[in-house]
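Heads up, the thing below is written out as C-alpha cells.
Values reported hereafter were calculated over all heavy atoms of this structure, with side chains retained and with hydrogens, waters and symmetry mates removed.
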Amino acid sequence: MIDQVMALAASGSAALLAAAMTDVWSSTRSAVARVFGRHDPDGQQVMLARLDRDVTTLEAAGTDHDSAREELTAVWRTRLGDWLEEHPAAVDDLEELIQQVRTRLPNQQHAWFMTVVGRDNSTVNAVMRGNIYQGSHEPSAAPESTGDTDH
C-alpha cells in the first residue's frame, strides 16, 4: 500500500506543479481546496498557502522555472505522501483531481507526466527530464487454499 500511496503522491505532485503558471492554475487551485477541505478543513489553508508560495517561487525563477519545478515536485511528493497516509479516504478524490488536471493542461505541460506500469515480478526503468527512475514490482502472494469450497 505504501508504494501505491507514494505513486499517487508522485503523480499528484507532478499534476500540481505542471498546472502552476498556466491558464488552468486557478481551476486547479480551487479543486485542490475542495479535496483538502473535504478531508482536512484545518489543513486546507496550510496547503493552499504552500501552493501559493511555491507558485511565487516558480515565477521568481524566471527562465530556470523547470529546475525550480523539479525541486518543488519532489517537495510536494513528500507532502502529498504524508497527507495521504493521514487521510487514506482521500485517495479517490486525489486520483480524480489528477485526472482533471491532466485533461486541462496545455500540451507543453504534458511533458511533466509519465505513466509506467510494472507487473508480475518486473523491473521498470524510465527516464524523464534527464532523471533516471527504477522500480520493481513483486507479485502478491496468492491466498492459501483451505480446501473448503462453497456450494
Over all atoms of both residues, closest heavy-atom pair of [X] and [Y]:
X: Ile98; Y: Ser11; answer: CG2-OG, 3.5 Å
X: Gly81; Y: Ala9; answer: N-CB, 3.4 Å
X: Val55; Y: Ala20; answer: CG2-CB, 3.9 Å

Arg69 backbone acceptor or donor facing Thr73 side chain under 3.5 Å: yes
Contacts of type salt bridge (Lys or Arg N to Asp or Glu O under 4.0 Å), residue Asp52, not counting sequence neighbours: Arg29
Heavy-atom side-chain proximity of Leu58 to Leu17 below 4.5 angstrom: yes
Transitive ILVMFWY side-chain link Leu80 to Val75, under 4.5 Å: no
In one Ile/Leu/Val/Met/Phe/Trp/Tyr side-chain cluster, 4.5 Å: Val32, Met21: yes
Residues in side-chain contact (heavy atoms from CB on, under 4.5 Å) contact with Ser27, at least two apart in sequence or another chain: Val24, Arg104
Set of residues satisfying side-chain contact (heavy atoms from CB on, under 4.5 Å) with respect to Ala74, sequence neighbours excluded: Arg77
Aromatic ring pairing Phe36/Trp76, orientation class (parallel under 30°, perpendicular over 60°, tilted between): tilted
Could you pull out every donor-acceptor pair under 3.5 Å between side chains of residues 40-50 and any protein atom, sequence neighbours left out?
residue : atom : partner : partner atom : Å
Asp40   : OD1  : Gly43   : N            : 3.1
Gln44   : NE2  : Ala33   : O            : 2.9

Nearest-0.5 Å distance that lies between atom CZ in Arg79 and atom CG in Leu72: 7.5 Å
Pairs flagged by salt bridge (Lys or Arg N to Asp or Glu O under 4.0 Å) wherever residues 87-96 is involved - sequence neighbours left out: Arg38-Asp93
Summary of ring-ring contact (aromatic ring centres under 6.0 Å, His included) pairs that have at least one residue in residues 12-33, sequence neighbours excluded: none
Val91 and Leu84: CA distance, side-chain angles, deciding distance, side-chain contact (heavy atoms from CB on, under 4.5 Å) verdict: CA-CA 7 Å; Val91 166; Leu84 286 169; 4.2 Å; yes
For Arg34, all residues meeting side-chain hydrogen bond (donor to acceptor under 3.5 Å, both in side chains), sequence neighbours excluded: none
side-chain hydrogen bond (donor to acceptor under 3.5 Å, both in side chains) against Glu71, all qualifying residues, sequence neighbours excluded: none
